[in-house]
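Take a look at the structure below.
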There are 2 protein chains.
Amino acid sequence: MAESKVLSVLREPTLQTAANCVRQALAQHQCILLLGECEVEYHGRARSTLASGERIVLIKTDGAVLVHRPTGYEPVNWQPSDCRFRTRLENKSLIIDAVHSEPHESLSVHFANVAVFVAARLSDIGEFNLHVSEREMQQAVVAEPKLLLPDFRPISFEKQVEPGFIDVYGLDSEGRLVVVELKRVNAGRAAALQLSRYVAYVKTTTQKKIRGILAAPGLQRGTQKLLATLGLEYIHVDLERCARVVSSQKERKIVDFLM
Amino acid sequence: MAESKVLSVLREPTLQTAANCVRQALAQHQCILLLGECEVEYHGRARSTLASGERIVLIKTDGAVLVHRPTGYEPVNWQPSDCRFRTRLENKSLIIDAVHSEPHESLSVHFANVAVFVAARLSDIGEFNLHVSEREMQQAVVAEPKLLLPDFRPISFEKQVEPGFIDVYGLDSEGRLVVVELKRVNAGRAAALQLSRYVAYVKTTTQKKIRGILAAPGLQRGTQKLLATLGLEYIHVDLERCARVVSSQKERKIVDFLM
DNA sequence: TGCTAAATCTCGAAC
DNA sequence: GTTCGAGGTTTAGCA
């Protein structure tokens, strides 16, 4: 823990001190954490006001701003990256304005007091990896077609047709065309209807028998009935198996598996 | 600034000290801020890993967790409210597990070091007010129909028809039926096509003349031409005026304004 | 409780 | 640059 690192921590600084430190940290593009009582105003794509309360304000190195209340996932107010800042003292308040262009938006935070000020230069190059995205499901199905059907032979993926992109497209053991719509989560009516549109389109292009398959870890209520009405099928896909296939095949290119 | 407030700030505590303080703060449902080098793992609706780097971790009073990198709006990892926590030391790491039920998800943050620890009981009851949502645009148009057309008489709003919900539905000065699709932002092709579906549907239910109106602060490129092709109209809506109408009418119920 | 639609959605990829 | 679609979307409003 060699701490030659840039890091300032102030507990209950005066507003004047806080203002100076915020200015300096902004100039050096450090990350800033402020904990204190504040009001917030926003003008831009919408408008909002937030009455006084104790919050956590985070200003990031790219000029993004987040104002967090003590509960919940979402910031109550925020500003996207690439803001320009102005910091000033006015009427016994520390005011930080964050102004964004294109679209033009402005966020104004008025601190009545600052309980904690933290500024730091953070070094973060750690890779983030999300497993089993919809794309990876697709890769898994193309790489291991038996995840879908025994003897399924994929022909293409992300095939562009008039109504959109067919996730996976191939032939079953009896030579019928198979149109597959993949969903990473339980599939609902929208997915069934989208599949239906793809199947309808493909029917106009060939004389062959066509199967429309909605492949997902599960179905939302009522979707099974809709599929039956539309003459489509549901196939359960095991996300765990997809994840294993994807990780084991990661080095190979997806296109290698096509006919 | 009477500071009898609950507030702990530690700079570069040992992991043992940090662990104790985190446990205590969690037990008291305080907000916790941690700045330090960590790795993160997530299992749940998906799976993810995040390699080592310096981040800001925020644990809120309702058991929500946010892990923020030095840039961007979104947390790289998070956990929704109502988590259960476990804090422990293992292999020279401070490990904080946040486990959520329904859906079952777990987040594990491994700190190699903690640069700053902050815990505080925050008091925040300030009211948040967002002006001019799409709903409020609707209210404004129903309350002040001349925002749309002189002598426009609204009949209903959010009227359910086969293709979906018609935002506003009414009669113009010449007794023609008016179907209105509202957009809070510049309207594009999707909005025009949706309006077109509503108008097509309404035509099947009546002999009357019908006007389809896309009402928005502006149009996206190409949408004007599409509207012309579809026989629809565009009307500019002033968001400022909507905001004023909404705020001045806020105490009245929207249904009061219907015919 | 479950589903639908909106969000100051954000973010990335494709065109 | 713009558009399009996905997201561990989240969140709020209703049936």
Side-chain angles (χ1 to χ4, degrees), chain A residues 40-50 62 64-67 71-83 98 100 102-107 128-138 158 160 164-165 167 182-191 194 217 219-223 239 243, chain B residues 40-50 64-67 69 71-81 98 100 102-107 128-138 158 160 164-165 167 182-186 188-191 194 217 220-223 239 254:
Chain A
V40 186
E41 223 175 302
Y42 161 78
H43 291 251
R45 285 168 286 180
R47 289 147 187 273
S48 71
T49 53
L50 176 63
D62 59 351
V65 183
L66 304 168
V67 180
T71 62
Y73 165 85
E74 291 192 331
V76 59
N77 278 112
W78 73 92
Q79 197 69 299
S81 346
D82 305 315
C83 281
H100 193 270
E102 216 65 36
H104 182 73
E105 310 183 85
S106 71
L107 184 74
F128 176 74
N129 220 319
L130 182 68
H131 320 296
V132 198
S133 61
E134 198 162 65
R135 162 69 74 172
E136 285 177 320
M137 256 183 93
Q138 202 180 92
E158 289 293 345
Q160 181 166 23
F165 291 85
D167 288 336
L182 286 173
K183 282 294 154 197
R184 205 180 44 72
V185 293
N186 288 1
R189 286 196 321 220
Q194 180 155 14
L219 288 182
Q220 290 175 20
R221 203 155 45 71
T223 307
L239 292 183
Chain B
V40 186
E41 223 176 302
Y42 160 79
H43 290 252
R45 284 169 287 181
R47 288 147 188 275
S48 71
T49 53
L50 176 62
V65 184
L66 304 167
V67 181
R69 308 191 86 160
T71 61
Y73 164 86
E74 292 189 333
V76 60
N77 276 114
W78 72 93
Q79 198 68 300
S81 346
H100 192 268
E102 215 66 33
H104 182 73
E105 309 183 86
S106 72
L107 185 74
F128 176 74
N129 221 320
L130 180 69
H131 321 294
V132 198
S133 61
E134 197 163 66
R135 161 69 74 171
E136 284 177 319
M137 254 182 96
Q138 202 181 89
E158 290 294 345
Q160 182 166 23
F165 290 86
D167 287 336
L182 285 174
K183 283 292 153 198
R184 204 179 43 73
V185 294
N186 288 1
R189 284 196 322 216
Q194 180 155 15
Q220 291 174 20
R221 202 157 43 71
T223 308
L239 291 183
I254 185 171

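Just so it is clear, the structure is predicted and the values come from calculations on it, not from any experiment. All chains are named by letter (A, B, ...) in the order of the sequence lines, taking the proteins before the strands, and each is independently numbered beginning at 1.
The CG atom of A/L107 sits 10 Å away from the C1' atom of C/dT8 (whole-angstrom rounding). Nucleotide D/dG8 holds its P atom 5 Å from the CG atom of A/L130, rounded to whole Å. Taking atom CZ of residue A/F128 and atom C1' of nucleotide C/dC11, one finds them 13 Å apart after rounding to whole Å. One atom, NE2 of B/H43, and another, P of D/dG8, lie 15 Å apart when rounded to the nearest Å. Taking atom CG of A/N77 as the reference point, atom P of C/dT10 lies 13 Å away to the nearest angstrom. Atoms CD (B/E74) and P (D/dT11) sit 12 Å apart, rounded to a whole Å. Protein atom NE2 of A/H100 is 13 Å distant from nucleotide atom P of C/dC9, rounded to whole Å. As rounded to whole Å, 14 Å separates atom P of D/dG8 from atom NZ of A/K183.
A sub-4.0 Å separation between OP1 or OP2 of C/dT8 and a side-chain N or O of A/R47 is absent. Taking only side-chain nitrogens and oxygens, A/R45 never comes nearer than 4.0 Å to OP1 or OP2 of C/dA7.
Residue A/R189 is the one, among B/G72 and A/R189, whose nearest nucleotide of DNA chain C lies closer to the 5' end (criterion: closest heavy atom). Of the two residues contacting DNA chain D, namely B/S81 and B/V76, the nearest-nucleotide position lying further toward the 5' end is that of B/V76.
Closest approach of B/L182 to B/D167, counting heavy atoms only: N-OD2, 2.8 Å.
If you check D/dA6, D/dG8, D/dT10 against the side chain of A/Y73, the one that comes closest is D/dT10.
Nucleotides D/dT11 and D/dG7, compared at atom C1', are 14 Å apart to the nearest Å. Taking the C1' atoms as reference points, D/dT9 lies 12 Å from D/dG5, given to the whole Å.
Here B/P80 lies in heavy-atom contact (under 4.0 Å) with a base. Residue-level contact check: A/Q79 touches neither bases nor backbone, having no heavy atom under 4.0 Å from any strand.
The aromatic ring of A/Y42 sits over the base of C/dT8, with ring centres less than 5.5 Å apart and planes inclined by under 30°. Once the 5.5 Å centre distance and the 30° plane angle are applied, the aromatic ring of A/W78 is found stacked with the base of C/dT8.
You'll find the side chain of B/P80 stays beyond 4.5 Å of the side chain of A/Y73, heavy atoms only.
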